[in-house]
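The next block holds one structure in the form of structure tokens; read it before the comments.
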Amino acid sequence: MGDYANLGDVAGRRVLVRSDLNVPLKDGAITDDGRIRASVPTIRALAEAGARVVVTAHLGRPDGAPDPKYSLAPVAVRLGELLGAPVAFATDTVGASAHETVSGLADGQVALLENVRFNAGETSKDDAVRGAFADELASLADAFVSDGFGVVHRKQASVYDVAQRLPHAMGGLVAAEIDVLRRLTATPERPYVVVLGGSKVSDKLGVIDNLLGKADKLLIGGGMVFTFLKAQGHEVGKSLLEEDQIETVLGYLQRAEQSGVEILLPTDIVVADSFGDEASARVVAATEIPAEALGLDIGPESGAAFADAVRPARTVFWNGPMGVFEQPAFAEGTRAVAQALTEIDGLSVVGGGDSAAAVRALGFDEAAFGHISTGGGASLEYLEGKELPGITVLEG
Ligand code: 3PG
Ligand code: MG
């Protein structure tokens with residue numbers, strides 16, 4: 001009793017848990033608590049084992065100094081509701097409040113430290129600076145559990161350096177995420193279809209490169225579509241465009257053809273006169289985007305074609321919404337893809353904060369998907385075949 005992973009009996013010990021509690025907020029209210037919910041099982045298991053649980057996490061990208069708009073205070077409240085027990089909140093990360101809060105914990109109680117990125121040491125590129133901050137974090141605990149899957153691709157103090165300073169273990173969430181990603185990369189059942197969306201091609205280059213050798217079909221939606229359309233010689237009006245990626249995209253289109261991987265692009269687009277202008281939303285052919293309009297979703301014909309391509313798959317990985325799903329006029333492409341993922345006979349994986357939030361915002365039952373990942377960048381980097389510092393360090 002009281003054992004957690006390879007840490008032995010944690011009862012009475014202070015265990016620092018790195019969770020990814022980076023949730024979207026609007027006017028100070030949490031709009032999607034998926035990451036908090038995903039963090040609960042590990043925190044609860046440790047608390048039930050009698051540990052004094054000290055959770056550390058980040059919110060957004062503050063500038064290495066306290067900034068009230070990135071406070072984790074609302075997250076502490078929500079975490080407490082989900083745990084069904086109060087969560088003590090430290091108003092700093094490694095200062096007087098943190099030390100006082102941690103000393104006040106009884107066995108089985110949980111504390112959350114203020115945003116770890118309020119300290120410049122957290123994200124410093126200087127090993128010594130990061131190390132000094134990690135020493136301070138480590139002084140608050142007797143053991144470390146790495147459970148913030150969304151940040152394991154970051155070489156940051158609370159993810160990487162602290163693991164070198166304390167007995168450490170992989171948390172259940174990270175273990176489950178890695179297990180699914182392994183299934184996607186080792187021997188995926190075929191057909192293997194990958195759907196990529198989101199705004200920037202430049203974020204997806206590595207993964208596209210890697211998947212061209214592995215997936216059977218690559219479906220492209222979201223803002224990055226326009227760089228592909230432009231590469232094919234079409235005008236894209238005022239749509240998002242990464243001019244400097246056109247050459248690279250052309251290379252992908254050629255390589256896909258040579259390697260027998262099908263790249264499916266939308267044939268119709270929902271455009272509007274300006275960003276978010278639902279009143280002017282209309283469907284045009286992907287090859288005929290008016291000069292004064294910009295594309296904000298894939299069109300209905302494309303949504304149906306993407307769904308048809310997804311349904312027979314035995315393995316699907318999806319990262320990135322197809323359009324500006326927060327607005328009904330631009331949400332149907334994302335809905336069509338999400339719906340198709342729920343219908344496959346095989347493993348469907350939704351990767352990334354935005355697609356995961358989209359699935360929930362559109363009212364889908366999370367249980368209808370094989371796996372909803374809490375990490376966008378982290379899962380993409382894993383699929384790119386990159387080493388994840390936050391995982392490697394646990395092996396040492
Ligand atoms: C995310 O939201 O993708 C993770 O929490 C990582 O955040 P970051 O990209 O700011 O490091
Ligand atoms: Mg995070």
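The shown structure was predicted, so the numbers you read here are calculated from the model rather than taken from an experiment. Remember, it's 1-based here, ligands and their atoms both numbered in the order they're listed. Start at 1 with the first residue, then count along the sequence.
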Completion exercise
If we number the atoms of ligand 1 from 1 as shown, the ones under 4.0 Å from a heavy atom of Asp20 are 4 (C), 5 (O)
Exercise for the section: Just jot down the ligand 1 atoms closer than 4.0 angstrom to any heavy atom of Arg61, in number order. Expected result: 8 (P), 9 (O), 10 (O)
Problem - Residues Arg52, Asp107: salt bridge by 4.0 Å N-O rule - result: yes
Tell me which donor-acceptor pairs under 3.5 Å the side chains of residues 383-396 have, and how far apart each pair is, sequence neighbours excluded?
{"residue": "Glu384", "atom": "OE1", "partner": "Lys386", "partner atom": "NZ", "Å": "3.3"}
{"residue": "Glu387", "atom": "OE2", "partner": "Thr392", "partner atom": "OG1", "Å": "3.3"}
{"residue": "Thr392", "atom": "OG1", "partner": "Leu388", "partner atom": "O", "Å": "3.0"}

Practice task
Provide the full list of salt bridge (charged side-chain N to carboxylate O under 4.0 Å, His left out) pairs with a residue in residues 81-105, sequence neighbours left out, each pair given once.
Solution key: Arg78-Glu81
Problem - Heteroatom proximity flag, His153 to ligand 1, N/O under 3.5 Å - result: no
Practice task
Mark up the atoms of ligand 1 that fall under 4.0 Å of a heavy atom belonging to Arg154, in ascending order.
Solution key: 8 (P), 9 (O), 11 (O)
Handout entry: Atom indices of ligand 1, in the order listed, that fall short of 4.0 Å to a heavy atom of Gly150
Key = 4 (C), 6 (C)
Handout entry: Mode of Gln156 contact toward ligand 1 - side chain, backbone, both, neither (heavy atoms, under 4.0 Å)
Key = neither
Fill in the blank from the handout: The single option from Leu211, Val194, Val349 that satisfies side-chain contact (heavy atoms from CB on, under 4.5 Å) with Leu184 is Val349
Problem - Stepwise side-chain hydrogen bond (donor to acceptor under 3.5 Å, both in side chains) test for Gln254 and Gln258 - result: CA-CA 6 Å; Gln254 279 154 10; Gln258 287 151 12; 5.7 Å; no
